[in-house]
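I have placed the structure first, in the form of structure tokens, so that the comments after it can refer back to it.
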Amino acid sequence: MTYTDLWQRLTAVYDAAEAKAIVKYVLDVRFGLSAADVYCGKVTQLSSDDTMALDKIIHRLAQAEPVQYVLGTASFAGHTFRVGPGVLIPRPETEELVAAVCQSVAAESPCGLSVLDVGTGSGCIAVSLALAFPGAHVTAWDISEAALAIARQNAEGLGADVRFARRDALHAPADEELWDVVVSNPPYICEQEREAMERNVLDYEPPTALFVPDADPLLFYRAIARYARTALRHGGGLYFEINPAYASGMRELLEQAGYERVEIRNDQFGKQRFAIAYRK
């Protein structure tokens with residue numbers, strides 16, 4: 001098998017540029033072949049065992065299975081996280097959410113910082129923040145035991161001190177003044193948006209972590225904002241990744257809930273992707 005043979009097997013699912021990028025990523029991460037190695041034809045010099053393993057990987061990719069699930073890992077905020085079908089694949093936009101939290105916290109005193117990540121999934125947000133602020137008290141919730149198992153593995157593997165708990169974001173406890181930061185990337189894609197989504201997302205990523213009812217697209221935001229209204233310490237920050245289609249609704253929700261300094265920020269692609277607000 002040549003490099004060209006490999007990426008051409010994926011063109012039924014991906015365009016040529018993306019197919020090439022995915023194959024290069026696999027060859028690098030799984031087989032240690034650099035771009036220079038690939039262009040020098042070293043793919044054809046793999047051992048028979050590696051060639052068989054590569055063929056199986058390409059077969060799975062050709063079924064639209066995400067490369068991160070196939071390899072079992074995803075890069076996020078400078079770290080490598082374990083991922084599987086029970087958790088969303090971490091995305092660049094969520095890295096920007098973590099960066100926004102880090103930027104805000106660093107401007108103040110992170111000493112004794114208390115953080116809650118609601119709907120942690122792979123743990124990428126909670127673990128990244130715990131690593132960024134050693135000594136911080138970081139807690140992460142998820143309703144899925146499968147997700148919590150993966151998140152715990154990531155925390156242990158990366159040496160992050162995170163407390164995990166099985167909690168339903170829609171039925172949070174009546175906590176008071178526990179957190180300096182509440183951060184969440186909750187489900188925010190409406191069911192009506194399914195038709196425009198890629199097969200590799202729809203067929204493999206967990207729907208409970210993706211979708212909300214068409215009739216209530218801000219369901220999780222409303223519940224988390226209500227919880228944080230008392231659970232945040234005074235002056236504490238609430239950080240959301242949001243659906244750009246409902247950015248104005250998010251601003252209104254947070255302002256009506258009594259938060260101050262409500263801000264909607266764009267992501268690197270110019271989409272209104274983040275909502276930030278503070279408890280008075």
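This one's a predicted model, so the numbers in the text were calculated from it and none came from an experiment.
Not counting sequence neighbours, the partners of Asp55 by the side-chain contact (heavy atoms from CB on, under 4.5 Å) test are Met1, Arg9. Shown here are the salt bridge (charged side-chain N to carboxylate O under 4.0 Å, His left out) partners of Arg226, two or more places apart in sequence or in another chain: there are none. By the salt bridge (charged side-chain N to carboxylate O under 4.0 Å, His left out) test, Arg163 is found to be paired with no residue, residues two or more places apart in sequence or in another chain being considered. With sequence neighbours left out, Tyr239 forms a ring pair (Phe, Tyr, Trp, His ring centres under 6.0 Å) with no residue at all. In this view, Tyr188 satisfies the ring pair (Phe, Tyr, Trp, His ring centres under 6.0 Å) rule with no residue, not counting sequence neighbours. Remark: Pro213 pairs with Leu219 by the side-chain contact (heavy atoms from CB on, under 4.5 Å) rule, at least two apart or across chains. Considering only residues two or more places apart in sequence or on other chains, Glu205 meets the side-chain hydrogen bond (donor to acceptor under 3.5 Å, both in side chains) condition with Arg91. Considering only residues two or more places apart in sequence or on other chains, Lys42 meets the salt bridge (charged side-chain N to carboxylate O under 4.0 Å, His left out) condition with Asp37. Judged as a salt bridge (charged side-chain N to carboxylate O under 4.0 Å, His left out), and not counting sequence neighbours, Glu198 has no contacts.
For the side-chain hydrogen bond (donor to acceptor under 3.5 Å, both in side chains) condition, no pair includes a residue of residues 125-150, sequence neighbours left out. A ring pair (Phe, Tyr, Trp, His ring centres under 6.0 Å) check over residues 14-67, counting only residues at least two apart or in different chains, returns nothing.
No salt bridge links Glu260 with Lys280; every basic N to acidic carboxylate O contact stays at or beyond 4.0 Å.
Counting Ile, Leu, Val, Met, Phe, Trp and Tyr side chains that sit under 4.5 Å apart, directly or through other members, Tyr204 shares a hydrophobic cluster with Tyr69, Val83, Val87, Ile89, Ile150.
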